[in-house]
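All of these numbers come straight from a predicted model, not from anything done at the bench. Chain naming here is simple, since letters A, B, ... match the order of the sequence lines and numbering starts at 1 in each.
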Amino acid sequence: MPELPEVESVLQCLSSSSPALIGRQVQKVLVLRDSVVDGDLDTLVTALTGSICSTIFRHGKYLFFGFLSSHGTQSRWMALHLRMTGRLFLVPEHKSRERHTRFTLILDQGLALRFDDPRAFGRVWLVDDPSEVTVSLGPDALLVTRDCFLDRLAGLKRQLKPLLLDQSFVAGIGNIYTDEILFRARLHPLRISDSLTSEETTLLYESMHTVLEQAVTAKGANIDGVFEAGSFHVQVYGRGGKPCCLCGTEIMKERFGQRGTHFCPVCQPCV
DNA sequence: CACTCTACCTGTGCGC
DNA sequence: TGCGCACAGGTAGAGT
């Protein structure tokens, strides 16, 4: 599932590819499944056709593509969320369609930006300004400073797992990295945020930062070979019943808040 | 405010 | 072999 590190990897791939996405003009918009577009489909197709991609950035798990109209400076933005199984590729135009391709921008120079998504949860939509989306998000989990993190934590009384998953607290962390962060911080997923000592709070921030930095460097997670994209090795996610890499105890898998949660009952004691 | 549940999707892997 | 079904999970929105 693409979380912050995987989305960052997509961004860096699109930004560094040559020939680049930036500067490409959209010749045609192919919508192969209508539900991929949130909002009015015709409006999006009309706005993007003929426009030129001028910038790309990421906030949490969201990607934003800036477009300039070919005749003026009016800018529109395409927001995109990969959800669980979405993938983005900049490909030669003749490879612009696969079995699960939902949406494609046919570009100049024989290129295409292709959005594949087997489970079809991912979405693209048009916004006048990215802030329409980011206003409801917390700061990016990779960029948030320790002081800002501690400020946002203060006064909250919430279970750590749902808190880290809450995109309005910090943006970018999903189910996999939540489990990895809490394992590294040696904190039980159901610990209440206001019960943490200041040392534990700092450890939580440092763990979040370290795990995300390492995963970005590794270009995403590698989960028992399921994900080919990255090489970040998970220590608890998907390892229920297997030995903890620190103490050898069996990793537990339980459902907390409708989500599979993996943790070591010894390294992450319930308090 | 904090939490729970449901809907949205479809490929995978299990039991029978 | 093949069928049915639980499961995976990010987000929105409604409910407790």
### Query
Mind checking whether A:Tyr177 and A:Phe232 have parallel, tilted or perpendicular rings, split at 30° and 60°?
tilted
### Query
When the ring centroid of A:Phe169 is compared with that of A:Phe149, is the distance short of 6.0 Å?
yes
### Query
CZ of A:Arg102 versus P of B:dC9: gap in Å, rounded?
10 Å
### Query
Between A:Asp179 and A:His262, do the side chains contain an N or O donor and an N or O acceptor separated by less than 3.5 Å?
yes
#### Entry: A:Asn222 versus A:Ser231, side-chain donor and acceptor atoms under 3.5 Å
no
### Query
Can you check the A:Asp116 CG to B:dT10 P distance for me, whole Å?
14 Å
### Shared hydrophobic cluster for A:Leu48 and A:Leu90 (ILVMFWY, side-chain gaps under 4.5 Å)
yes
### Query
Looking at A:Phe57, A:Trp125, A:Phe67, which hits ring-ring contact (aromatic ring centres under 6.0 Å, His included) with A:Trp77?
A:Phe57
### Task
Give the rounded distance in Å between these two atoms: CG of A:Leu153 and C1' of B:dC1.
15 Å
### Separation of atom NE2 in A:His262 from atom P in C:dC7, rounded to whole Å
13 Å
### Query
Within the pair A:His100 and B:dC9, is there a side-chain N or O less than 4.0 Å away from OP1 or OP2?
no
### Message
Distance check needed: B:dC9 P versus A:Asp117 CG, whole Å only.
### Response
11 Å
### Query
When you check every protein heavy atom under 4.0 Å of nucleotides 10-16 of chain C, what one-letter string (B, S, -) results, 5' to 3'?
BBS----
### Query
A:Thr261 pairs by side chain to side chain donor-acceptor pair (under 3.5 Å) with which of A:Arg255, A:Glu254, A:Lys161?
A:Lys161
#### Entry: Separation of B:dG11 C1' from A:Glu98 CD (nearest whole Å)
16 Å
Give every pair of a protein N or O atom and an N or O atom of nucleotides 3-7 of chain B that lie under 3.5 Å apart, one pair per line with the distance.
unit_1: B:dC3; atom_1: OP1; unit_2: A:Gln159; atom_2: N; d: 2.9
unit_1: B:dC3; atom_1: OP2; unit_2: A:Arg158; atom_2: NE; d: 3.2
unit_1: B:dC5; atom_1: OP2; unit_2: A:Gln258; atom_2: OE1; d: 2.8

### Query
Residues in ring-ring contact (aromatic ring centres under 6.0 Å, His included) with A:His188, at least two apart?
A:Phe263
### Query
Under the 3.5 angstrom rule, does the side chain of A:Tyr205 hit a backbone N or O of A:Val144 as a donor-acceptor pair?
yes
### Task
Report the distance from atom CZ of A:Phe115 to atom P of B:dC9, rounded to the nearest whole Å.
13 Å
